[in-house]
Amino acid sequence: MKFTLAWLKEHLETGEPLDRLVDKLTMIGLEVERVDDRAKTLAPFTIARVISAEQHPNADRLRVCIVDTGTGDPVQVVCGAPNARAGMTGVFSPPGSFIPGKDLTLGVGKIRGVESRGMLVSEFELQISDDHEGIIDLPADAPVGANYAAWAGLDDPMIEINLTPNRPDCTGVSGVARDLAAARMGKLKTVPVAPVAGAFPCPVSVSLDFGSTPSLCPGFALRLVRGVKNGPSPDWLQRRLIAIGLRPINALVDITNYITYDRARPLHVFDAAKVTGDLVVRRGRIGETLVALDGKTYTLDDSMCVIADAHGVESLAGIMGGEASGCSAETTDVLIESALWDPMNIAQTGRKLGINSDARYRFERGVDPSFAIPGLELATRMVLDLGGGTPSSITAVGDFNPPQRVIEFPLREVERLGGLRVDPAEVGRILRDIGCSVAGNGPSLRVTVPSWRPDIEGKADLVEEVVRLVGVEQIQLAPFDRGDGPRKPVLTSIQRRTRRAKRALAARGLVEAVTWSFVSKPQAELFGGGKPDLALANPIASDLSDMRPSLIPGLVMAAQRNADRGFPDVALFEVGQIFQGDQPEQQLTAAAAVRRHRAKPTGGRHWSTGGHEVDVFDAKADALSLLAAAGAPVQSMQIVAGGPTWLHPGRSGTIQIGPQNVLGWFGQLHPKTLQVLGADGPLVAFEVFLERIPEPKARATRAKPQLELSPFQPVERDFAFVVPRTARASDIVRAAQGVDRKLITNINVFDVYEGPGIDPDKKSVAIAVTLQPREKTMTDEEIDAISAKIIAEVGKRAGAVLRG
Amino acid sequence: MPDIDALEQELNQAIAAAGDEAALEAVRVAALGRKGSVSELLKSLGAMTPDERRQHGPQINGLKDRITAALAARKTGLAEVALEARLNTETVDVTLPVPDLPTDSGRIHPISQVIDELTAIFADMGFAVAEGPDIETDDLNFTKLNFPEAHPARDMHDTFFFNPKPDGSRLLLRTHTSPVQVRTMQTQKPPIRVIIPGRTYRSDSDQTHTPMFHQVEGLVIDKSSHLGHLKWILAEFCKAFFEVDDVKMRFRPSFFPFTEPSLEVDIQCRRDKNEIRFGEGEDWLEILGCGMVHPNVLRNCGLDPDEYQGFAWGMGIDRIAMLKYGMPDLRAFFEADVRWLAHYGFRPLDFPTLAGGLSS
């Protein structure tokens, strides 16, 4: 919403300076977005006459002008404008002035060897229009030496407010003035509208025809004015429209635009000569088209409301008129429409057709129904004043005065909700100033809400009115009592896991990424997603179309982007939501990481580590470290060979607690996965689902179990087994462990060997077994006996023989 | 009786000449071994007369002691030489760089860090953390929150939708974390004190908007909390979060469908190039929206607005992270550029606490 200071002062008697008014607007909820104070920005520019304009000696397109700036001392200016000529009157910019359209401060310069002491400027250079065809060409009688902005009436500051959608009343200058008056910034002085008597009945009738469907038009009023002389509107009106960024068209159209901004009352004018028969307000018919005033053709349907004559649709109700019946300079008989429309329907239609008009802006917020007829009277008055003619009486259908809302308002609500004590007299004063009628003087008021404030529905809204107009800054800070509840942890189990997961992974040298929750459909499908219920109907881009079933594709793509930037060793993780369906319980929290190239936890290429490439065991270590940190029961987890199809079948594993509860996967990415993702490896990854970690048993005490220390030294014995190549280390360890679960406290696989000395289909696996005696030192015989058992057991369960 | 002095001289020369422990040992054996020269002398004492023994005993024993001492001294000297020689071969290049610790190279994303900071601040004030799903119903994202059907307020939210179901309903990606307020009020009995961090989505993309971003909201419902408490909480929050002694705040009336009265909050700051300082300067910077929970929202959640009241606020996590830590561009948050993450991210052990300081 835009207006100028002078315009505002037509409705508000005030001595307040601009900056005070601007601050107050913001502080009562009409946030000022921009103030364009042209008296300031255009101060240096004066009216000047070109005495002579000669061809520049060194440039075909330039002229050397001698300019009379009114100081009695003509200056030489080099000018490149095609319209620069001797005798013309223009606008002069002296050296040292800031040219807003060029964003530069002018200096004295030489242009192709000729000195230039200033500039003749275009409207574009002053940012008063887009016209940069030539320099400003003023009438010959413009006073040389005078300030251009003041002479042209451009010195009226323009104020733009960022209007919230709840304030339809402030889509008009009069409403803004009313609010400022209520905030004690002056006195409201909007002139009441006097009715204009009709000289004859309106020859065009209006009917509402919605059949059995709900009416989209609560009221419609129309009047004809005959014998109007249309043409350009007067300067003051044109200037005002230009100041707020509107293009003057002709007096009749300008009047409707003016009243739209002045009183928040959109109107429409038809050229009566182009309207055939009577008007019908109805729903559009599917496939009907209208060429609107913006020159575009719109295809309508039966959700939209139109105004039609005998020929068909003439106007898109409350949004935009039709080109065919619009008013031109030749119009002599004009039909003025002032109507009420269903706000929801206007919003839907506007959105559907993509039309943002000043009328839509107001109707979808809700215009004042009681001002429909006065608005029509005001428009008639202006038409008569500017173009003459004879008005008909008004023909109207519908109801322009719906019942007004009455709110029972206990005064204590202001303190209860607002934390602010306000004198009851002041509450009454504020409510009256915004247009309410207020009855009662006890603890509760009966407040009748004015027709222009559809946003005031109940007590809380009245509290807001009082609080904002008294001033939010008046509310004193009140310490908030945290209560005497116990200081307990506030995070849920999954929240704790999530934050521990992040810290644990970062501690392994992984860097946390936050990637989009959506991926492309092929990516989603590759990871088991891509179902229709998780596809966006209106994705922002085709590669962000489906909710992600896994964090891996986003991380792989991110790793590849880094590689493409020249950083091949990337270790990224993310902990975030993944989607298995569209229901809340189908959203899981996953933790995942990828490591690329040499981004091992021990560091990249380094003299001390040899700089190996990442492998499946790095991903496994990441996953297990995360699970331990997140509180998973590490003892009961099993690692099973293989994983989902997007992992390398021979270099992947599944982490589970029994086959029913899969906690996650790790492995090297399948070459085909890399191909679909457009990434290259080596790349290893893991993904774990935090919700699937079993909840630990609640414990009554924080004390840890008693520590039992054996006084006897542990014994370590090494065993090297030769096993088939396909044998699993976990089977060997489990077999050895099973020999004596109490005595054997640790088994460490310390060597795996394939190669010379071992059959090609075999490998050697060496384990160190720690025996911890508790009652006495073990004898050699006892150690030998248990060793023999281990050899036998591993032999039986893992097909192992002791390496000779 | 050989010449003891000559023997001593000869042995001392041999000890001095021994170049290593083996040579020295040979000298020792030759002198003090079973058939050594000094041992032989000692043996000869047995065949002497008492007088001779009285005369030669001290001489011979003295010789033995001196030779033993000389051998020991020489041994120590040789050991030191040998150690020095060994150490000379054991030199390494200590200027070689050591590998980086994973805890030095790992990083926590600023969004996670800021969520941890927010949690620390609000947990201290008695707030729990509530969360909800990203995929929401129209009812919880809009209708229950008092957005009228087709009202322009819905236009302020560029919503991502899913395809309609057979029954005509369609799900959407939440445009704010406010549906979690509704879920909380529907399932918990007041008093309610929660903060709600989470991912939110709007189909918007430019330098300051990304289709996905993060919000945190706060919700207080009880029988007495009003705008004065809201102002206090937000002032406390701003001081704690921006880690300054004082923040000047400006509360402006505004509009949100789900609060009444509604306010927007600006904080005073000074902007120099890429740096923003709070608690000084003349600029106002909008950081959050807030207000008293709208009576219709309370009613929609089954609470009587004449009995219960409360307030809510909401702000962008990414935005306050940018303000505090000075990232210039929101889009970079989601690009996973390791250079950006290494620079703006946090070390895994930098855990924000109120006791130790949020960021120091």
Side-chain angles (χ1 to χ4, degrees), chain A residues 26-29 164-166 344 347-348 364-365 417-419 458 460-461 463-464 467-468 472 475-480 482-483 490-491 495 499 502-503 506-517 532 536-538 540 558 562 567 570 572 577 582 584 587 601-603 606-609, chain B residues 96 99-100 102-103 105-109 111-112 116 119 123 125-129 131 133-135 149-153 155 160-163 171 199 203 205 211-212 226-229 231-233 235 251-255 260-261 263 292 294-295 309 333-334 336-338 341-342 345 348 351:
Chain A
T26 294
M27 292 312 291
I28 60 175
T164 53
N166 61 325
M344 227 164 91
Q348 278 166 342
E364 70 184 4
R365 281 164 172 75
L417 300 175
D461 304 291
V463 171
E464 174 166 84
V467 164
R468 77 181 176 91
V472 181
I475 301 170
Q476 296 305 305
L477 270 60
F480 182 71
R482 79 172 291 286
V490 295
L491 297 183
Q495 288 164 351
R499 68 150 69 182
K502 289 176 181 176
R503 301 278 160 185
R508 287 189 52 78
L510 290 152
V511 173
E512 187 184 7
V514 174
T515 67
W516 305 124
S517 298
L536 290 171
N538 56 338
I540 198 157
N562 280 294
F567 296 84
V570 196
L572 294 173
Q577 50 278 73
D582 59 13
Q587 177 175 328
T602 46
H606 197 268
W607 63 269
S608 67
T609 58
Chain B
L96 276 172
D100 286 340
T103 44
S105 52
R107 284 292 182 278
I108 294 288
H109 196 284
I111 292 171
S112 299
D116 284 345
T119 306
M125 291 197 252
F127 285 75
V129 180
E131 289 174 310
D134 296 22
I135 300 177
E149 288 288 336
H151 191 271
D155 259 3
F160 282 114
F161 290 102
F162 292 90
N163 290 308
L171 296 169
R199 276 191 186 189
S203 53
S205 191
M212 178 188 96
H226 56 60
L227 289 179
H229 299 116
K231 282 178 84 168
W232 184 85
I233 283 184
F251 290 77
R252 284 182 287 109
S254 187
F255 167 75
E260 188 75 33
L263 303 169
M292 297 299 293
H294 197 291
Q309 63 189 66
F333 276 67
F334 309 113
D337 184 330
V338 289
L341 292 167
F351 203 96

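The shown structure was predicted, so the numbers you read here are calculated from the model rather than taken from an experiment. In the text below, chain A, chain B and the rest are named by the order of the sequence lines, each starting its count at 1.
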Could you state the interatomic distance from [atom1] ([X]) to [atom2] ([Y]), rounded to the nearest 0.5 Å?
| X | Y | atom1 | atom2 | answer |
| --- | --- | --- | --- | --- |
| Asn166(A) | Phe255(B) | CG | CZ | 4.5 Å |
| Leu536(A) | Leu171(B) | CG | CG | 11.5 Å |
| Gln587(A) | Asp134(B) | CD | CG | 4.0 Å |

Side chains of Phe162(B) and Asp582(A), heavy atoms from C-beta outward: is any pair under 4.5 Å?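 Side-chain contact under 4.5 Å: no.
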Using a 4.5 Å cut-off on heavy atoms from C-beta on, say whether the side chain of Val463(A) contacts that of His226(B).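 His226(B) vs Val463(A): side chains apart.
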Please classify the contact between [X] and chain A as side chain, backbone, both or neither, with a heavy-atom cut-off of under 4.5 Å.
| X | value |
| --- | --- |
| Ile108(B) | both |
| Pro99(B) | both |
| Phe161(B) | both |
| Met125(B) | backbone |
| Leu263(B) | side chain |

Considering only heavy atoms and a distance below 4.5 Å, find which of [options] pairs most often with chain B.
| options | answer |
| --- | --- |
| Ala506(A), Ala558(A), Gly29(A), Gly418(A) | Ala506(A) |
| Val467(A), Ile475(A), Thr602(A), Leu491(A) | Ile475(A) |
| Ser517(A), Pro532(A), Gly458(A) | Ser517(A) |

Out of [options], return the one with the most heavy atom pairs under 4.5 angstrom to chain A.
| options | value |
| --- | --- |
| Pro348(B), Pro133(B), Ser254(B) | Pro348(B) |
| His294(B), Arg199(B), Met292(B) | Arg199(B) |
| Asp337(B), Thr103(B), Leu341(B) | Asp337(B) |
| Ile233(B), Ile111(B), Thr119(B) | Ile233(B) |
| Gly126(B), Gly228(B), Pro295(B), Ala128(B) | Gly228(B) |
| Glu131(B), Glu260(B), His229(B) | Glu260(B) |

Check whether [X] gets within reach of chain B through its side chain, its backbone, both or neither, counting any heavy atom under 4.5 Å.
| X | result |
| --- | --- |
| Phe480(A) | both |
| Arg468(A) | both |
| Trp607(A) | side chain |
| Ser608(A) | side chain |
| Gln476(A) | backbone |
| Asn538(A) | both |
| Val514(A) | both |
| Leu510(A) | backbone |
| Pro601(A) | backbone |
| Val472(A) | both |
| Ile28(A) | backbone |

What pair of heavy atoms forms the shortest contact from Thr515(A) to Met212(B), and how long is it?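 Of all heavy-atom pairs spanning Thr515(A) and Met212(B), the closest is O-CE, 3.5 Å.
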Shortest non-hydrogen contact from Thr26(A) to Pro253(B)?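 Distance-wise, the nearest heavy atoms are O-CD, 4.2 Å.
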[X] side chain to [Y] main-chain N or O, any donor-acceptor pair under 3.5 Å?
| X | Y | answer |
| --- | --- | --- |
| Arg107(B) | Glu512(A) | no |
| Gln309(B) | Leu417(A) | no |
| Lys502(A) | Ser112(B) | no |
| Asn562(A) | Ala336(B) | yes |

